[in-house]
Amino acid sequence: SARVSTQLACPLDLGCHSVKKGVLEPPFNTKDEMPKNKGKGGKSYKRGKRDDALNKRELVLKDEDQEYAQVLRMLGNGRLEAFCFDGEKRLCHIRGKLRKKVWISPGDIILISLRDFQDGKADIIQKYNADEARALKAGNHIPDAIKINETEVAPDGEEGSSEEDEPAFDFDAI
């Protein structure tokens, strides 16, 4: 007497499905056997990784052929105008490592690399956050007259009114 099994082979003889009591089922349960995410990647993982990298960073001081500067204005196309603390205004280029990863805005303190062949141009090496800029100011690496976290920056490094800020006409005369 042969035993009758409730589980039969695939009706197509492919061995890919099982038949239980006349119902065709897939070879595995997709909900239980799908691969699990390991936690690498994703928006929150990348955001947390970026914040940790900025907080644990060591303060980088300038070498020869490098200078500290403050961003005056953004020009577009990865370029900006910066006032260097050696007294010159230079056209700076954001290098590829920093592009679209480190956002630079007017008033930021940056470290630039001077070019040997072009005195009026430089390349941005690093952007300092506010705490690092305060540490540079406390260590007398940058002038005390420089304001940190200021958006309006005059070429002499101080925020102030200029001739452009004055109104074109007097309202009291009307």
Side-chain angles (χ1 to χ4, degrees), residues 35-174:
K36 301 290 183 204
N37 291 334
K38 303 290 186 198
K40 301 285 185 194
K43 185 186 286 187
S44 61
Y45 174 77
K46 290 176 184 172
R47 186 176 294 138
K49 186 176 180 181
R50 183 177 64 225
D51 290 343
D52 290 342
L54 289 177
N55 292 338
K56 296 178 184 176
R57 191 167 67 178
E58 188 176 317
L59 187 64
V60 177
L61 300 177
K62 72 174 186 172
D63 296 331
E64 36 179 288
D65 295 334
Q66 293 179 354
E67 188 62 47
Y68 300 112
Q70 188 168 24
V71 178
L72 294 177
R73 62 188 179 129
M74 301 300 292
L75 300 174
N77 199 22
R79 296 176 303 139
L80 56 90
E81 188 177 12
F83 175 72
C84 301
F85 297 141
D86 61 356
E88 290 199 32
K89 196 186 290 187
R90 289 188 172 94
L91 179 69
C92 299
H93 179 262
I94 302 172
R95 69 186 207 152
K97 184 178 179 181
L98 301 180
R99 269 187 128 155
K100 299 202 176 179
K101 292 181 181 73
V102 178
W103 294 103
I104 298 174
S105 56
D108 288 340
I109 305 297
I110 55 175
L111 178 65
I112 62 171
S113 174
L114 303 175
R115 296 183 180 179
D116 296 334
F117 51 95
Q118 291 174 318
D119 192 42
K121 293 187 179 181
D123 300 303
I124 298 176
I125 296 174
Q126 184 173 8
K127 174 193 165 189
Y128 294 106
N129 60 26
D131 294 333
E132 292 170 335
R134 283 189 208 98
L136 287 173
K137 191 186 251 188
N140 292 327
H141 296 287
I142 60 175
D144 291 333
I146 300 301
K147 292 190 167 105
I148 300 169
N149 291 342
E150 297 289 338
T151 54
E152 300 269 337
V153 181
D156 58 352
E158 296 183 17
E159 183 181 34
S161 63
S162 64
E163 296 175 11
E164 299 170 359
D165 294 339
E166 297 179 15
F169 57 92
D170 189 12
F171 287 105
D172 295 333
I174 296 177

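All values below were derived from every heavy atom in this structure, side-chain atoms included, with hydrogens, water molecules and symmetry-related copies excluded.
In this structure, I125 CD1 and I110 CD1 are separated by 10.0 Å, a value rounded to the nearest 0.5 Å. Between the CG atom in L72 and the NZ atom in K89 there is a gap of 6.0 Å [rounded to 0.5 Å]. Distance check, rounded to the nearest 0.5 Å: CG of L98 to CD1 of I124 gives 7.5 Å. Between the CD atom in Q126 and the CZ atom in R57 there is a gap of 4.5 Å [rounded to 0.5 Å]. Between atom CG of residue D65 and atom CZ of residue R115 there is a gap of 13.0 Å, rounded to the nearest 0.5 Å. Within the model, atoms CZ of R99 and NE2 of H93 stand 5.0 Å from one another, a figure rounded to the nearest 0.5 Å.
The backbone N or O of R134 sits nowhere less than 3.5 Å from a side-chain atom of Y128 that would complete a donor-acceptor pair. Remark: the backbone N or O of K147 is paired with a side-chain donor or acceptor of Q70 at under 3.5 angstrom.
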Donor-acceptor pairs under 3.5 Å, side chain of residues 77-87 to any protein atom, not counting sequence neighbours: which ones?
residue : atom : partner : partner atom : Å
E81     : OE1  : R73     : NE           : 2.5
E81     : OE1  : R73     : NH2          : 3.2
D86     : OD1  : E88     : N            : 3.4
D86     : OD1  : R90     : NH1          : 3.3
D86     : OD2  : R90     : NH1          : 3.3
D86     : OD2  : R90     : NH2          : 3.3

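Contact between K62 and Y68 at its shortest, heavy atoms only, is N-OH, 3.0 Å. When all heavy atoms are compared, the tightest approach of A133 to I142 is O-CD1, 3.7 Å.
Side-chain contact between L61 and H141: present, with at least one pair of heavy atoms (C-beta onward) separated by less than 4.5 Å. Looking at heavy atoms from C-beta onward, I94 lies in side-chain contact with M74 at the 4.5 angstrom threshold.
Residues that satisfy the side-chain hydrogen bond (donor to acceptor under 3.5 Å, both in side chains) test with K137, not counting sequence neighbours, are absent from this structure.
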